[in-house]
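None of the values given here were measured: they were computed from a predicted structure. The figures here come from the full heavy-atom set of this structure, side chains too, leaving out hydrogens, waters and symmetry mates. Letters A, B, ... mirror the listed sequences (proteins, then strands); counts begin at 1.
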Amino acid sequence: MDRRTYCTTLAAIGVLGAKRLLASKANSPLAAESVENLPKIQGAITLYLGRGEGGLYEDILKAIKERNPDLELKIRRGPSSALANTIVAEAGSGVQRADLFWAIDSGSIGHVLNNAVAKPLPSIIRDMLEPKFRREAWTPISGRIRTLTFNTDRITREAIPKSILDLPHRDLKIGWAPTYAAFQSFVTAFRLLEGEKTTEEWLKAMRSKARALAGELNVVMAVASGDLDIGLANHYYTLRLKKGRPEVPLDLAFTNNDAGCLLNVSGVVILQNKPETELFLRHLLTKEVQSYLAREAYEIPLVIGIQPPKGLPEIARVNPPKVDLDKLADLKPTLTLLRKTEVL
Amino acid sequence: MQRYSFAKRWRLHVPIAPIVLLALSPIVVLIALATQEPLEFGSRNWRILGNTVGLTALTVLGAVAIGAPLAFATTCLKLRRAGLVLAMLVFPLAVPSYIGAFAYFAATGPGGEIENLFGIAPPEVRGLFGTAWVMTLYTFPFVVLSVRASLLRLDAGLVESGRTLGLTPLGTLSHVIFPRIRGGIASGALLVALYTLSDFATPAILGFDTFTRAIYVEYNAFGLSRAAWLSLQLLLLVLVVLTFESRAKTVRENPGRTLRWNPLPATKFCIFISTTLIWISSVGLPFVLFFIWIKREGVRSFEPSILLHSVVPAGLAAFCAVIVALPLAQAASYGGRTENWMLRLTSFGFGIPGIVMGTALVYVGLHLPWMYQTTAMLVLGYVLRFLPLATGSLREGLDRLENSLSAAARSLGASPFETFRRVKLPLIMPAALSGAALIFLEAMRELPLTLLLRPTGMETLTTRLWQVYEAGYFGDAAIPGLLLIFTSFIAMLLFIRTERLLRLAPEAET
């Protein structure tokens, strides 16, 4: 198996013409706005962009820039958590640079909300989202589910436990990415659901078995190449890989009603109330952008009336745990635990 | 060496005191950040310390083992195309070590590019030995250059006297040559050690837990205070290295002929083979990979502004650093212990890893909103971090100056400024240029500092490359990677040119 070629294939599917993205007319049954009906953005926006989902966000930004020639968009890229730190530090010193913060996990968003001043959202934006994703101070943009991705040549679906708690007690070669923000949010959910003690024991049991990789894309690639049997990762890595190379022996498995199948979101915080920022946010929630995210990035759209991504056949059957997304910001005890168990 | 009186030295202090204070400000910020939470030193900490020390030691050993013999070969043996061999050996300096790490990461192991091409997978380069190997490949030229400088100062007459008095060639090597190049080896090894201690991306890509990687992880996990605490520990290691450095002294030699031996054919063959192998594994591999990627995926959209964003701040930093370094080097050269310590304090910057310097300066910047996220801040970061490269180079240039020349100019009625402009400046120009070239090179390829301090919206070659690496689109690394190597190469040509100027000076006297 060839982990590098997967990357290049990913690249190929990622690079879709920006024109095509916002020109396509998706037929959405319900109310999602069309980019055609939005006024043009005029003015300057400084966006802090949490580490991009493999160039797909870049295409969206490029398309928005092409449609809005009078928009001066300045982007600061970095890991979501590092940018969240920066925003909090800026707020503490009364220096403000960012108008918008687009983070890939709700943990970073929570950190900003707890420590800096976010501007409330206009109701027009809130009402576009599925009711359970409506928030006062931030907007979810797209959803992702925690999955167990496994190599179908090496193990069968039956070998995979239905509970995440049982994972370290099976004879499996496991991969995970403890430094990745989405993983840390998963552990936070684990803590909230199972309690500190169980989480600590689970982490210890896993630590002796699992191989730590730098990111979840690497985890999925190591599983695809047969280095590992199974890996913990967000769902879209596997689907994107399979789209580029359908013959890859990869499949998704879901645990039942525990942190192993947590539904997490990427989202935007408004830090500076301006007409531009609101309009920009509405662009991200248009049916064109949302369908693009679902179609090309395999992210789960959160706006009413957009089709979920193909290849997530079990989505209706998945039974994610009930965790308040805002509580995922409680990262500090998670990090303490990860350090205590030497996972991090 | 003329020493200035204390009263006169005060005049030297005035311009350099603010520089020293500024250079120390990141450390103050770090202490403030670290003490926000109780300091701990657990088993994980010991492991990181062990890893860092082990990696540094192995890299230094490797760099000296490769660099010192090859420096001797290219300097003291009569080789055809010795200049070309030297250029080949210095070329890896133009390749940032993380590009090497990136290339090894993509090429080796199961599923790597080498397996794609030849069907055989070499073992994956990772962990302690893998990381040390890659670090060695890109740092040994420091040893080549410093040992070469010592060898050029060596008078062949001494060696020949030794031989006439019955020493074997090996005996000459150990009793006459080695004691005279020990300082050169030490200063090269010091540079290698500092480089290894502060490099972030190479161990990060190759999956080896060192201080820099742990700091980065903590920084990204909201553990700013722990990141600062780890940084202070790393700085302590740097301090140890710098203490060793203060003991290593270059031997002042009377000018003489450079040593020239005739090598045996077998020796020549060995030199040829080892140089070629080293070159293929350090420079050839990334180049081949980049071209394969370009061929396979074509050249995607590349914005030329990225190149400009890389070159301009690096150039500004090189210029500013030399200007700032001049009074520092001057003070250290003519002053006493205090000035030497001041110089040493400013050289702390080179040991502060970019990610740490970046964090600290971001916090400094937050209190100076007019500086925050500006090019000026980025340039300041580069200057503070790479200043030692300029002071070191200038100091060497100044130490080599005959004071009598300035004295003669002064007695002939030239003002101090005119003496500086017409006598000193032309003489230290090569040193200043080589210092500037080194800084330009380092600033161009500095990654974490650039990531943190650059103005919003400014992408440089390095930040671009990092973005590509994180996203996993290796093919897009080719163009920025090649451009980075190319611009570094031009800076290096400048460096070699000035090095040749330095080398020609003693030869002209014979």
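Separating the CD1 atom in A/Ile75 from the CD atom in B/Glu459 is a distance of 8.0 Å, to the nearest 0.5 Å. Atom CZ of residue A/Arg77 and atom OG1 of residue B/Thr463 lie 8.5 Å apart, to the nearest 0.5 angstrom. In this structure, B/Thr456 OG1 and A/Asp99 CG are separated by 10.0 Å, a value rounded to the nearest 0.5 Å.
When heavy atoms are compared at a cutoff of 4.5 Å, B/Ile205 does not approach chain A at all. Only the side chain of B/Arg226 comes within contact range of chain A, judged by heavy atoms closer than 4.5 Å.
A donor-acceptor contact shorter than 3.5 Å is absent between the side chain of A/Arg76 and the backbone of B/Met458.
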Take B/Glu37 and A/Lys332 through the test salt bridge (Lys or Arg N to Asp or Glu O under 4.0 Å) and record every step on the way to the result. CA-CA 13 Å; B/Glu37 277 174 32; A/Lys332 216 161 185 170; 3.7 Å; yes
Using the side chain to side chain contact (heavy atoms under 4.5 Å, CB included) rule, take A/Glu90 and B/Gln373 through it: C-alpha gap first, then chi angles, then the decisive distance, then the call. CA-CA 11 Å; A/Glu90 283 178 4; B/Gln373 289 184 359; 3.4 Å; yes
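Shown here is A/Lys74, whose NZ atom has no more than 12 heavy atoms of other residues, nucleotides or ligands within 6.0 Å.
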